[in-house]
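Here is the structure we will look at.
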Amino acid sequence: LSQHIKLQLMKKLYYNAILIAILFSFSILNAQNLQWTQPAPTGTGNATVAIYPGVTLNGQAVSTEGSLIGVFFENNSGILTCAGYVELDSDYISGSPVALAVWGTDAGEDNGLSTGDEMSFYLNVDGIDYTPNTINLTDPMTQQAVANSFAPNGLYGLSADFGGDEEPLELDLCTCRDGTSGNLVS
C-alpha cells in the first residue's frame with residue numbers, strides 16, 4: 001500500500017477509536033438508565049423516608065430544583081424498578097425536608113419491596129442517575145441510626161452523599177505513527 005493510503009486508513013481508525021471512546025463514556029454516564037415512574041399504591045402499604053436537606057453529590061450540596069431521589073428494587077426479571085421517588089422542590093432547596101413514599105409488594109405480586117429488603121437509593125440530577133457513596137438512615141423520632149431494611153409503615157430519615165462511579169472518564173491521547181500525540185498527518 002502506498003504511504004497516502006496507509007495514512008488515510010490510520011486516520012479512519014483514529015476517528016473510529018475516538019467515536020467508540022465517546023460512545024462508551026456516554027454509556028458509563030447513563031449506566032443506570034432507570035425509569036423514574038411513580039408506582040401505584042399497594043395494599044401492603046409504604047414506608048416513609050424523610051429526605052433531610054443537605055443531600056450531596058460528590059460532596060457538594062444538591063441545589064438543582066427538580067432533582068429526584070428514589071428507591072428501586074430488582075424485579076423478577078432482574079430490572080431495577082421504582083418503588084417510589086420524590087422531587088427535590090423549592091421547599092427542599094430552601095431547607096425543608098421532603099417525604100418519600102416507598103411502596104411494599106403485595107402477596108404474589110412483583111410490585112414493591114418485601115419486608116426486610118434493603119432499600120436501594122438513587123439520585124437523578126439533570127437526567128443522570130447516581131448511586132450512593134454513603135447512606136445514613138435514622139429513626140426520625142430518636143435520631144438513632146437504623147438498619148437499611150424496608151418495613152411497611154416504617155419511618156426513616158435519610159442523609160446521603162451520591163456520586164458512585166458515574167464520573168466522566170479521562171481518555172488518553174492516541175499516539176500517531178509520526179510519534180506525536182493527537183496530530184494527524186494527511
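In this text, all values refer to a predicted model and were calculated from it rather than measured experimentally.
- Judged purely by atom type and a 3.5 angstrom limit, Ser149 has no side-chain atom pairing as donor or acceptor with the backbone of Asp117.
- Pro140 approaches Leu155 most closely through the heavy-atom pair CD-O, 3.5 Å.
- Closest approach of Leu34 and Asp129 over heavy atoms only: N-OD2, 3.0 Å.
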Subject >> Val98 vs Asp91, side-chain contact (heavy atoms from CB on, under 4.5 Å): CA-CA, chis, key distance, verdict >> reply: CA-CA 8 Å; Val98 293; Asp91 290 337; 5.5 Å; no
**OP:** Show the numbers, then the answer: is there a side-chain contact (heavy atoms from CB on, under 4.5 Å) between Leu158 and Ile135?
**Re:** CA-CA 7 Å; Leu158 172 77; Ile135 290 288; 3.8 Å; yes
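- Note: Ile51 CD1 to Glu87 CD = 13.0 Å, rounded to the nearest 0.5 Å.
- Leu123 and Tyr52 are not part of a single hydrophobic cluster, where members link through side-chain heavy atoms under 4.5 Å apart.
- In this structure, Trp103 and Gly45 approach most closely via the heavy-atom pair CE3-O, 3.5 Å.
- In this structure a side-chain-to-backbone donor-acceptor pair under 3.5 Å is missing from Ser96 to Tyr92.
- You'll find the side chain of Leu113 reaches within 4.5 Å of the side chain of Val102, heavy atoms only.
- Taking all atoms of both residues into account, the shortest heavy-atom contact from Pro132 to Phe121 is CD-O, 3.3 Å.
- Under a 3.5 Å cut-off, the side chain of Glu65 and the backbone N or O of Leu88 do not form any donor-acceptor pair.
- Thr42 and Asn111 share no donor-acceptor pair across their side chains, judged by distance under 3.5 Å alone.
- Rounding to the nearest 0.5 Å gives a distance of 8.0 Å between CG of Leu100 and OG1 of Thr48.
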Subject >> Intermediate values then yes/no, side-chain contact (heavy atoms from CB on, under 4.5 Å), Asp139 and Tyr156 >> reply: CA-CA 5 Å; Asp139 177 325; Tyr156 305 88; over 6 Å; no
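- Listed here is the closest heavy atom pair of Pro152 and Thr115: CD-OG1, 3.4 Å.
- In terms of modelled atom types and a separation under 3.5 Å, the side chain of Asn136 and the main chain of Ala160 share no donor-acceptor contact.
- For Phe72 and Trp36, the ring centers sit closer than 6.0 Å to each other.
- Rounded to the nearest 0.5 angstrom, Glu74 CD and Leu80 CG are separated by 6.0 Å.
- Residues Ala83 and Phe73 come closest through the heavy atom pair CB-CD2, 3.9 Å.
- Side chain of Thr142 to main chain of Gln144: a donor-acceptor pair is present (N/O by atom type, distance under 3.5 Å, no hydrogens or angles).
- Two residues are said to be in side-chain contact when any heavy atoms from C-beta on lie closer than 4.5 Å; Asn124 and Ile128 fail this criterion.
- With hydrogens and angles disregarded, a donor-acceptor distance shorter than 3.5 Å links the side chain of Asn75 to the backbone of Ile79.
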Original post:
When you look at Phe162 and Asn133, which way does the side-chain contact (heavy atoms from CB on, under 4.5 Å) test go after all the steps?
Top reply: CA-CA 5 Å; Phe162 290 86; Asn133 292 326; 5.8 Å; no
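- In this structure a side-chain-to-backbone donor-acceptor pair under 3.5 Å is present from Asp110 to Asn76.
- Put simply, CD on Gln35 and SG on Cys82 are 10.0 Å apart, with the number rounded to the nearest 0.5 Å.
- By the neighbour-count criterion of 12 heavy atoms within 6.0 Å, atom CD of Gln143 is densely surrounded, having more than that number from other residues, nucleotides or ligands.
- Between the Asp161 side chain and the Thr134 main chain, no donor and acceptor come within less than 3.5 Å of each other.
- Residue Tyr122 holds its OH atom at 14.5 Å from CG of Leu68, rounded to the nearest 0.5 Å.
- Side chain of Asp106 to backbone of Glu109: no donor-acceptor contact under 3.5 angstrom is found.
- Contact of the Tyr85 side chain with the Gln38 side chain is registered, since non-hydrogen atoms from C-beta on lie closer than 4.5 Å.
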